[in-house]
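Everything below concerns the one structure shown next.
Here the structure is a predicted model, which is why all the values come from computation and not from measurement. Quick note on labels: first sequence line is chain A, next is B, and so on, each numbered from 1.
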Protein chains: 2
Amino acid sequence: MDKPINKKRARGKLSRDRIETSAFEVIEREGLSGFSMRKLAQALGCEAMSIYHHYPSQAHLFEALVDRLIGELEIPPRDLPWRQRVRNVLHGYRAMARKYPAFVPFIVTYRMNSPKCLKWLDGVIGLFEDGGFGRERSARLFRAVGYYLMGAILDETAGYARGPSSVTKVDDEQLRSDFPNVAAAGPYFAPSEFDKTFEMGLEMMLDEMGLEVAGNGHAGLSGAGQKP
Amino acid sequence: MDKPINKKRARGKLSRDRIETSAFEVIEREGLSGFSMRKLAQALGCEAMSIYHHYPSQAHLFEALVDRLIGELEIPPRDLPWRQRVRNVLHGYRAMARKYPAFVPFIVTYRMNSPKCLKWLDGVIGLFEDGGFGRERSARLFRAVGYYLMGAILDETAGYARGPSSVTKVDDEQLRSDFPNVAAAGPYFAPSEFDKTFEMGLEMMLDEMGLEVAGNGHAGLSGAGQKP
DNA sequence: GCTTGACAACTTACACTGTAAGGCTCATCA
DNA sequence: TGATGAGCCTTACAGTGTAAGTTGTCAAGC
């Protein structure tokens, strides 16, 4: 009774752009595990299989989603202080993650290999090399800072503050009596504290790297430092 | 032709212990997304629905798996130097993750709230409080170090070194010419470098915390330091 | 030994998933 | 005008988690 005789095909209705935009919406609305090609199709007003004319598989679609997000990120210009450039890169990534929280679990487990993603990766690693640490140390610092960033966005979007995902629950009273340290730390795990905690950890790592670059004090200002 | 007339029920064959052990095996063999109740049942030599007599849902089963893993972790004794205690906790968690790499994506997105997990959490937060940072700083340092750890085990188990998960691939030649920084950093992203990179980042964070605890030098030896 | 009850396994069934294979319609071009 | 192919739809299949109901098995009480 829904669509009586309207057999007209909606030609040209779909496009990669429209599909991807809808996909983000469905993912955020239904959650990553609640997403399905059929729900996406419904949001688009088409049949599920129509999407397969634009992407050969769901994996290809998701890959396009990552590409779109990473493609919007920028590498901070070289005329900024080095430390500020690193901050900007991390904040940019984190902002993207917080814009699409439901998609984060996919992002952090996705191994990027598309040109768009590699270009961004190349820029970020280059940024670390600009710090003058040399190839090896740059690579490792990039990794270490990346670990921190991935863990942070994961916790901030899918973490404890969203409530327990476990089925067996411990109520507040028992928490306070049996797990006092957790109870005491609880307030600092709240979403309102995310920024402050993230900055603290980030500046810790930057301090260490600054120590290294400048030899002693907290410098690590700009451009390419000394190479070993 | 498989089971001709053998209608005998295998009573008491199943147990939570046996199911969980098999579940870990199936997860590691088939991957997290390849896991299913039916495959688990097959590994156990029973029907899928029989498992539901021991766990009301797959979520409950997975929760039990996390509980089992976390339950095996230990809080390092207080007579060890503080810095060593932190190292031990992180190494313990990381070793667990590397033992069940396919399960890691679930672990890092799981919000623990069972008594067993909370007990461990309480111990770890308490360990940070033993560092003498005070409640707030302890909570934030716990979080920051946790971010680093989660990101690390995620990359080491599900990360780039396992090969790209993307569908569009860039070959090595193009990588070297178009993304030289990535190509140069590549060797340091290999699994053989995991330990070294992890230690570097960990010691960086410990150094910062040591600086804070001791006031200046790299100390932060043992027990409860001064509280602000 | 026989009956009874509860427990632990099995059977069936349903709504949902991704997607392979093929069909239909229409704009474009020869 | 007829052919082509792009763009969407239909059908179908093997897989998923799990609700509901059934049946085989064993221990306890008579």
| task | Please report the C-alpha distance between A:Y100 and A:F106 in whole Å, then the side-chain angles of each, then the deciding distance to 0.1 Å, and finally whether the ring pair (Phe, Tyr, Trp, His ring centres under 6.0 Å) criterion is met. | result | CA-CA 11 Å; A:Y100 302 99; A:F106 182 82; over 10 Å; no
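- Between A:E199 and A:H91 there is a side-chain heavy-atom pair separated by less than 4.5 Å.
- Remark: P of C:dT17 and CG of A:L61 are 15 Å apart, rounded to the nearest angstrom.
- Rounded to whole Å, the distance from CD on B:E30 to P on D:dG15 is 12 Å.
- Nucleotides of DNA chain C nearest to A:S36 and A:P56 differ in position, and the one nearer the 5' end is that of A:S36.
- Distances shown here put a side-chain N or O of A:H54 below 4.0 Å from the OP1 or OP2 atom of D:dC8.
- Side-chain contact, A:Y55 with A:E20: a donor N or O sits under 3.5 Å from an acceptor N or O.
- C:dT25 atom P lies 19 Å from atom CG of A:L14, rounded to whole Å.
- Taking atom CZ of residue B:F35 and atom P of nucleotide D:dG15, one finds them 17 Å apart after rounding to whole Å.
- Counting non-hydrogen atoms under 4.0 angstrom, A:S50 reaches a base of the nucleic acid.
- For B:A59 and A:A48, each mapped to the nucleotide of DNA chain D holding its nearest heavy atom, the one lying further toward the 5' end belongs to A:A48.
- One can place CZ of A:F62 at 13 Å from P of C:dT17, the figure rounded to the nearest angstrom.
- Between A:H53 and D:dC9 there is no side-chain polar atom (N or O) within less than 4.0 angstrom of OP1 or OP2.
- Minimum atom distance to the side chain of A:Q58 is reached by C:dG18, of the listed D:dT10, D:dT18, C:dG18.
- Distance CE (A:M37) to P (C:dA20): 11 Å, rounded to an integer number of Å.
- Distance CG (B:L40) to P (D:dT18): 12 Å, rounded to an integer number of Å.
- Salt-bridge check for A:E193 with B:R143: failed, with every basic side-chain N at 4.0 Å or more from each acidic carboxylate O.
- No donor-acceptor contact under 3.5 Å links the side chain of B:R38 to the base of D:dG15.
- In this entry the distance linking CE of B:M49 with C1' of C:dA9 reads 11 Å, nearest Å.
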| message | Could you go through A:R87 and A:E203, starting from their C-alpha distance and side-chain angles, then the distance that decides it, and tell me whether this counts as salt bridge (Lys or Arg N to Asp or Glu O under 4.0 Å)? | response | CA-CA 9 Å; A:R87 282 200 198 99; A:E203 296 301 324; 2.6 Å; yes
